[in-house]
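For ligands, and for the atoms within them, numbers begin at 1 and follow the listed sequence. Just so you know, these numbers come straight off a predicted model, no measurement behind them.
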Amino acid sequence: MKKVKISASSEYEVLIERGLLKKAGELIKQTAKGSTAVIVSETNVFPLYGEYLKESLEKEGYTVLSFVFPAGEESKNTNTLIDLWEFLAENLVTRSDVLIALGGGVTGDITGFAAATYLRGIKYIGIPTTLLAMVDSSVGGKTAVDLKGGKNLAGAFYQPSLVICDPDTLTSLPDNIFSDGMAEVIKYGMINLPEFLDTLEEGTDIIDIIETCVKTKRDIVAVDEKDTGLRQLLNFGHTPAHGIEILSEFTVSHGCAVAIGMMIMTKSAIKAGLCKKEALITLEKLLKKYSLPTENVFSPKEIASRAMNDKKRTGKDITLVIPEERGKCSLRKIPVSEFEEFISGAF
Ligand code: GLY
């Protein structure tokens with residue numbers, strides 16, 4: 001079993017192994033000694049793994065409760081959060097009990113935020129079942145729900161107590177959901193792992209991919225848990241992506257929007273004389289290899305106007321993640337008013 005130790009405001013491990021879901025109860029018991037375990041999941045994932053997880057927890061003596069909400073980003077809102085809080089209160093869940101997020105990014109975000117706030121904080125454990133959640137959202141403690149004004153606008157930095165990644169769960173994913181995760185994987189290579197880009201071009205085992213991404217995120221979160229500096233590198237491509245998601249009314253998925261966003265930022269950086277062309281060649285090749293889009297249909301004006309309630313914005317400035325060469329990005333603050341002109345370089 002691969003173990004990656006994360007050191008943030010609290011310490012925890014990310015465990016990676018095929019078939020690990022079988023041992024989930026046993027692993028959770030070592031971390032959470034309480035008597036009740038609450039599985040939080042959604043309508044696509046719970047029918048696949050919910051009962052299996054429940055049995056594994058019951059074997060360890062837990063009383064198991066399940067809170068299952070409708071699958072999809074539309075559920076990541078304050079209504080679901082309130083329903084979950086009320087469910088926990090009605091069932092007399094205490095601070096020594098544990099929440100378990102079984103699912104993708106939406107499930108992790110809602111569960112994490114509920115755990116951060118219910119009784120002013122109870123333990124939660126992540127069992128990510130999508131590649132995107134394994135390599136990104138389940139690590140680093142960003143939890144949130146969407147508001148009418150935008151995605152992830154209400155949340156907390158709150159670390160899980162343990163993350164269990166079983167790559168066997170990825171076999172049940174539709175191809176497009178798997179590709180979505182690959183966009184974030186390619187992002188790690190682009191920001192600071194040139195050799196990993198070679199590995200991805202050649203193709204490699206999914207366990208190695210997950211481990212490399214989690215270790216990279218570990219190193220970044222150890223330095224900047226609260227996203228005030230280095231962690232912003234993880235937002236490569238995300239500012240235009242944010243605009244694209246909104247403009248498409250979320251018919252373009254997060255991973256696909258990030259893929260297009262990375263293309264826009266790389267082309268713009270080349271145009272501005274900040275980036276070597278080879279970075280774009282690698283990026284485009286990898287996105288195509290993993291069935292991700294590279295073409296954008298929206299104008300720089302549309303993207304810039306919709307991207308501007310992005311959290312990367314601080315007052316009148318926005319921090320951009322600029323690729324410089326293959327496997328190297330840096331941060332650059334520019335006035336918000338110059339963002340449209342900057343991305344026009346990609347068109
Ligand atoms: N998903 C970006 C971060 O965790 O900072």
Side-chain angles (χ1 to χ4, degrees), residues 4 6-10 12 14 73 76 101 103-113 115-116 124 126 128-146 150-160 163 165 177 179-193 196 209-245 253-262 265 292 307 309-314 318-323 329-331:
V4 183
I6 313 286
S7 294
S9 45
S10 62
Y12 55 98
V14 179
E73 179 77 27
K76 206 174 103 174
V106 170
T107 306
D109 263 342
I110 292 179
T111 313
F113 192 33
Y124 83 104
T129 58
T130 64
L131 181 59
L132 197 145
M134 287 184 193
V135 299
D136 183 26
S137 55
S138 72
V139 184
K142 276 190 183 175
T143 73
V145 292
D146 301 338
K151 276 182 72 174
N152 297 327
L153 292 186
F157 288 97
Y158 191 66
Q159 304 294 334
V163 179
C165 297
I177 309 281
S179 290
D180 255 21
M182 282 309 297
E184 299 285 354
V185 169
I186 295 166
K187 178 196 76 179
Y188 282 104
M190 289 295 292
I191 59 178
N192 68 357
L193 301 173
F196 185 51
I209 291 182
I210 298 166
E211 188 187 18
T212 302
C213 295
V214 170
K215 282 185 168 165
T216 306
K217 189 152 185 186
R218 167 198 65 190
D219 295 342
I220 291 175
V221 169
V223 177
D224 177 27
E225 179 178 354
K226 294 281 166 71
D227 209 9
T228 55
L230 192 69
R231 187 165 180 170
Q232 294 180 23
L233 280 177
L234 296 173
N235 294 329
F236 175 41
H238 281 56
T239 300
H242 189 79
I244 291 166
E245 283 181 88
S253 67
H254 181 67
C256 290
V258 168
I260 299 167
M262 291 193 289
M265 293 306 291
L292 285 156
N309 73 344
D310 195 306
K311 297 179 299 313
K312 271 76 78 189
R313 180 179 167 161
T314 49
I318 184 154
T319 303
L320 297 184
V321 185
I322 307 286
C329 285
S330 62
L331 298 175

K.L.:
Counting non-hydrogen protein atoms only, what is the nearest one to atom 5 (O) of ligand 1? Give residue, atom name and distance.
P.N.:
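Result for atom 5 (O) of ligand 1: Arg231 NE, 2.7 Å.
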K.L.:
Exactly one of His242, Glu73, Glu245 should register a side chain to side chain donor-acceptor pair (under 3.5 Å) with His254. Which one does?
P.N.:
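So the option named by the test is Glu245.
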K.L.:
Hey, does Leu331 have a side-chain heavy atom less than 4.5 Å from the side chain of Leu320?
P.N.:
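Leu320 does not reach Leu331 side chain to side chain.
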K.L.:
Flag the pair Lys151 and Asp146 as a salt bridge only when some basic side-chain nitrogen lies within less than 4.0 angstrom of an acidic carboxylate oxygen.
P.N.:
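Salt bridge absent between Lys151 and Asp146.
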K.L.:
Can you find an N or O of Asp136 that's nearer than 3.5 Å to an N or O of ligand 1?
P.N.:
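Yes; at least one N/O pair falls below 3.5 Å.
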K.L.:
Run the salt-bridge test on Lys142 and Asp227 with the 4.0 Å N-O cut-off and return the result as yes or no.
P.N.:
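Salt bridge present between Lys142 and Asp227.
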K.L.:
List ligand 1 atoms under 4.0 Å from Leu234, heavy atoms only on the residue side.
P.N.:
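Selected atoms, number and element: 2 (C), 3 (C), 5 (O).
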K.L.:
Name the closest protein heavy atom to atom 4 (O) of ligand 1, giving the residue it belongs to and the distance to 0.1 Å.
P.N.:
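In this structure, atom 4 (O) of ligand 1 has Lys217 NZ, 2.6 Å as its nearest protein heavy atom.
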K.L.:
Are any of the N/O atoms in Lys187 less than 3.5 Å from those in ligand 1?
P.N.:
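No; the residue has no nitrogen or oxygen that sits under 3.5 Å from a nitrogen or oxygen of the ligand.
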K.L.:
For Glu211, which residues count as a salt bridge (charged side-chain N to carboxylate O under 4.0 Å, His left out) partner, sequence neighbours excluded?
P.N.:
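Listed in chain order: Lys2, Lys215.
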